[in-house]
Structures are given as structure tokens and as C-alpha cells.
Amino acid sequence: HTTVPVVGVPIDSSPLKGFDALLSTIQMPAGIPVATMAVGKAGARNAGLLAVQILALSDAGLRSKLARYKTKLAKSVEEKNNALQRKISESAG
């Protein structure tokens, strides 16, 4: 019923922990494309990021903000890794 991109986010609100929602999202017939994210909160966050990436294709300002966000995210992962490595070293020594 639409020509705009559709991003599916399976919600883990059933006893099956979202597996049923995931299956219904990934089993779309030919001609009905749906970008399917992970189940739950991580999927919802990634859905938002995917939407921003799509919009950033035609918006330079948004593209710049997205690049800054991704740089900040990478630094955060590096910092968490460094902290984990220090903790491992301290407990091994």
C-alpha cells in the first residue's frame, strides 16, 4: 500500500520473544520489500539509524551529523574495549 521504504522492527512482546514477529516480517512476498531489523530495542535503534542513512542520501546536513555520530560511536566502542582489556589484565595479574 506504499511506495516509501518500510523498516520492520519485530517486537519481543509475545511468549515467543519476538521470533513470531521476526518470521512475519522476513516472509514478505516478492514485490513487498521490507528492511528487517533485529528483535527488540537494538532493532528499533538500528531502524532509526537506517532511516537516517536513507534520508542522508539527499541531505548533506544530515549526512554530516550521521558521520559525527558514527565517529562518536566508534570512539565509545574503543573506550569500552580499552576498559575491558585493563580489567582483564588486572584480574590476570
Side-chain angles (χ1 to χ4, degrees):
H1 299 283
T2 184
T3 59
V4 299
V6 174
V7 181
V9 181
I11 303 299
D12 57 352
S13 62
S14 73
L16 295 176
K17 304 287 187 205
F19 186 65
D20 53 337
L22 174 65
L23 290 176
S24 68
T25 306
I26 64 174
Q27 294 180 354
M28 298 305 291
I32 312 294
V34 174
T36 303
M37 300 293 112
V39 175
K41 291 181 181 179
R45 187 172 189 158
N46 283 338
L49 287 170
L50 179 61
V52 170
Q53 288 179 173
I54 291 169
L55 294 171
L57 292 170
S58 60
D59 184 327
L62 199 52
R63 193 166 40 251
S64 176
K65 289 178 183 179
L66 182 61
R68 286 194 302 272
Y69 171 80
K70 294 248 181 173
T71 298
K72 182 179 172 183
L73 185 62
K75 286 180 183 178
S76 171
V77 170
E78 287 178 31
E79 290 169 1
K80 289 175 184 177
N81 180 57
N82 290 338
L84 179 60
Q85 295 304 320
R86 281 192 301 274
K87 188 174 182 178
I88 290 171
S89 294
E90 291 169 1
S91 66

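What you see is a predicted model; the values in this text were computed from it and never measured.
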*Using the test side chain to side chain contact (heavy atoms under 4.5 Å, CB included), find all partners of V6 that sit at least two apart in sequence or belong to another chain.*
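Result, side chain to side chain contact (heavy atoms under 4.5 Å, CB included) vs V6: T2, V34.
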Show every donor-acceptor pair shorter than 3.5 Å between a side-chain atom in residues 7-14 and any protein atom, with sequence neighbours excluded, or say none if there are none.
from, atom 1, to, atom 2, distance (Å)
S14, OG, L16, N, 3.2
S14, OG, D20, OD1, 3.0
S14, OG, D20, OD2, 3.3

Show me, pair by pair, the donor-acceptor contacts under 3.5 angstrom made by side chains of residues 59-66, not counting sequence neighbours?
from, atom 1, to, atom 2, distance (Å)
D59, OD1, G61, N, 3.0
D59, OD1, L62, N, 2.9
R63, NH1, A56, O, 2.5
R63, NH1, L57, O, 3.3
S64, OG, R68, NH1, 2.9

Report, one line per pair, each donor and acceptor closer than 3.5 Å where one atom sits in a side chain of residues 74-88; sequence neighbours left out.
from, atom 1, to, atom 2, distance (Å)
N81, OD1, Q85, NE2, 3.3
N82, ND2, E78, O, 3.3

*Any side-chain hydrogen bond (donor to acceptor under 3.5 Å, both in side chains) pairs touching residues 30-47, not counting sequence neighbours?*
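Counting only pairs at least two positions apart or across chains, the side-chain hydrogen bond (donor to acceptor under 3.5 Å, both in side chains) contacts touching residues 30-47 are R45-Y69.
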*List for me each residue that meets side chain to side chain donor-acceptor pair (under 3.5 Å) alongside K70, sequence neighbours excluded, and say none if there are none.*
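By the side chain to side chain donor-acceptor pair (under 3.5 Å) rule, K70 matches Q53.
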*Could you pull out the closest heavy-atom pair between M37 and L50, with the gap in Å?*
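Closest pair (atom of M37, atom of L50, distance): CE-CD2, 3.5 Å.
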